[in-house]
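Position 1 is the first residue of the sequence; numbering continues from there. Just so you know, these numbers use all the heavy atoms, side chains as well, and skip hydrogens, waters and symmetry mates.
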Amino acid sequence: MPREELFITTKIWISNAGYEKAKVSIEESLKKLKTDYVDLLLIHQPFGDYYGTYRAMEEAYKAGKARAIGVSNFYPDRYIDIAHFAEVVPAVNQVETHVFQQQKVAREYLAKYHTQIMSWGPFAEGKNDFFNTPALKEIGAKYGKSVAQVALRFLLQNGVVVIPKSTHKERMQENFNVFDFVLTDEEMKQIETLDTGKSLFFSHYSPETVEWFMSIV
């Protein structure tokens with residue numbers, strides 16, 4: 001398969017934070033991936049010396065080793081900070097985004113600074129009995145679509161890039177089949193009511209969460 005037909009993303013983990021470590025990490029990733037460049041390079045977590053990490057990423061971007069650079073799991077406060085001081089504004093912020101955590105505030109500020117929001121876990125990894133959500137099942141029945149397809153369509157119509165995970169070929173095909181229907185304004189508003197505004201996994205504002213990340217550095 002030609003390289004240009006692949007879109008390869010990799011991340012710099014917290015243990016490789018800092019300018020020098022990040023430079024080594026980037027080269028190691030390129031070597032392991034057997035490629036001269038990646039399409040998207042992200043900081044995995046907003047902890048450690050991520051400013052130094054980002055400087056190394058900017059250098060990789062300018063050298064053509066990364067076609068785009070960005071961040072992951074950066075809440076609006078830390079995102080605005082790094083976007084303000086960075087020479088290359090993050091192209092992407094990959095964050096937990098699904099019908100129960102719609103990231104309304106984050107989407108507002110990402111749009112303001114021209115950064116694309118990307119959803120990891122668009123199905124919330126099945127939490128909150130995701131695949132049996134009544135509103136999504138009801139709307140899906142109208143279009144002959146599954147709960148997963150309705151959830152993806154909702155995010156797409158909100159300008160969210162989605163990266164659903166599946167190990168089953170038929171579900172992968174189903175996840176692609178979301179461009180032949182459009183949710184109405186009323187249906188979008190109905191799904192918006194599912195938003196809790198909270199993470200279903202952990203909060204990066206939590207002292208316990210931060211201490212855990214510090215413990216693995």
Nearest heavy-atom contact between A151 and F130 is CB-CZ, 3.5 Å

Residues that, via side-chain heavy atoms closer than 4.5 angstrom, fall in one hydrophobic cluster with Y19: none

Enter the distance from I12:CD1 to I69:CD1 here, rounded to the nearest 0.5 Å. 9.5 Å

Looking at side-chain heavy atoms only, is the closest gap between S15 and I216 below 4.5 Å? no

Sequence neighbours left out, what pairs pass ring-ring contact (aromatic ring centres under 6.0 Å, His included) with at least one residue falling in residues 161-201? W120-F201, Y143-F181

Taking R67 for the side chain and F7 for the main chain, is one N or O donor matched with an acceptor at less than 3.5 Å? no

Residue pairs fulfilling salt bridge (charged side-chain N to carboxylate O under 4.0 Å, His left out) with at least one residue in residues 132-155, sequence neighbours excluded: K142-E187, K145-D180

Any side-chain heavy-atom pair from F47 and R78 closer than 4.5 angstrom? yes

Less than 4.5 Å apart, any side-chain heavy atom of H98 and any of L200? yes

Here the gap from E58 atom CD to T53 atom OG1, rounded to the nearest 0.5 Å, amounts to 11.5 Å

Taking side chain as C-beta onward, heavy atoms only, is I117 less than 4.5 Å from V161? no

Can you find a heavy atom in the side chain of I14 that is under 4.5 Å from one in the side chain of H44? no

Can you list the residues that meet the side-chain contact (heavy atoms from CB on, under 4.5 Å) rule with I8, with sequence neighbours excluded? R3, L6, L33, V38, D39

Is the count of non-hydrogen atoms from other residues, nucleotides or ligands lying under 6.0 Å from D36 atom CG greater than 12? no

Closest non-hydrogen atoms of E96 and S199, given as atom of the first, atom of the second and distance, are OE1-OG, 2.6 Å

Just grab all the salt bridge (charged side-chain N to carboxylate O under 4.0 Å, His left out) pairs involving residues 189-212, residues at least two apart or on different chains. K104-D195

Taking only residues two or more places apart in sequence or in another chain, which ones pass side-chain contact (heavy atoms from CB on, under 4.5 Å) with E5? M1, P2

Hey, quick one: are V150 and M172 part of the same hydrophobic cluster, counting side-chain heavy atoms closer than 4.5 Å, chains of contacts allowed? no

Can you measure from CD (Q190) to CG (L183) and round to the nearest 0.5 angstrom? 10.0 Å

Closest non-hydrogen atoms of I163 and P122, given as atom of the first, atom of the second and distance, are O-CD, 4.0 Å

State whether the number of non-hydrogen atoms from other residues, nucleotides or ligands found under 6.0 Å of K165 atom NZ is greater than 12. no

Please check if atom CD in E87 has more than 12 non-hydrogen atoms from other residues, nucleotides or ligands closer than 6.0 Å. no

May I ask you to check whether over 12 heavy atoms, not counting those of Y109, lie within 6.0 Å of atom OH? no

Q103 side chain to V95 main-chain N or O, any donor-acceptor pair under 3.5 Å? no

What residues form a ring pair (Phe, Tyr, Trp, His ring centres under 6.0 Å) with F154, not counting sequence neighbours? none

E4 CD: over 12 foreign heavy atoms closer than 6.0 Å: yes

Look up atom CG in L152 and atom CZ in F123, then write down how far apart they are to the nearest 0.5 Å. 4.0 Å

Would you say the side-chain atoms of T97 pair up with the backbone N or O of S119, donor to acceptor, closer than 3.5 Å? no

For K169, enumerate each residue passing the salt bridge (charged side-chain N to carboxylate O under 4.0 Å, His left out) test, keeping only those at least two apart in sequence or located in another chain. none

So that I know where these two stand, are F74 and Y50 an aromatic pair - ring centroids less than 6.0 Å apart? yes

With sequence neighbours excluded, what pairs up with Y75 under the side-chain contact (heavy atoms from CB on, under 4.5 Å) test? D77, S203, H204, Y205

Does Q94 have any side-chain hydrogen bond (donor to acceptor under 3.5 Å, both in side chains) partners at least two apart in sequence or in another chain, and if so, which? K11

K65: what forms a salt bridge (charged side-chain N to carboxylate O under 4.0 Å, His left out) with it, not counting sequence neighbours? E27

Under the side-chain contact (heavy atoms from CB on, under 4.5 Å) rule, collect the residues that match up with T115, sequence neighbours excluded. Y79, V89, P90, N93, L110

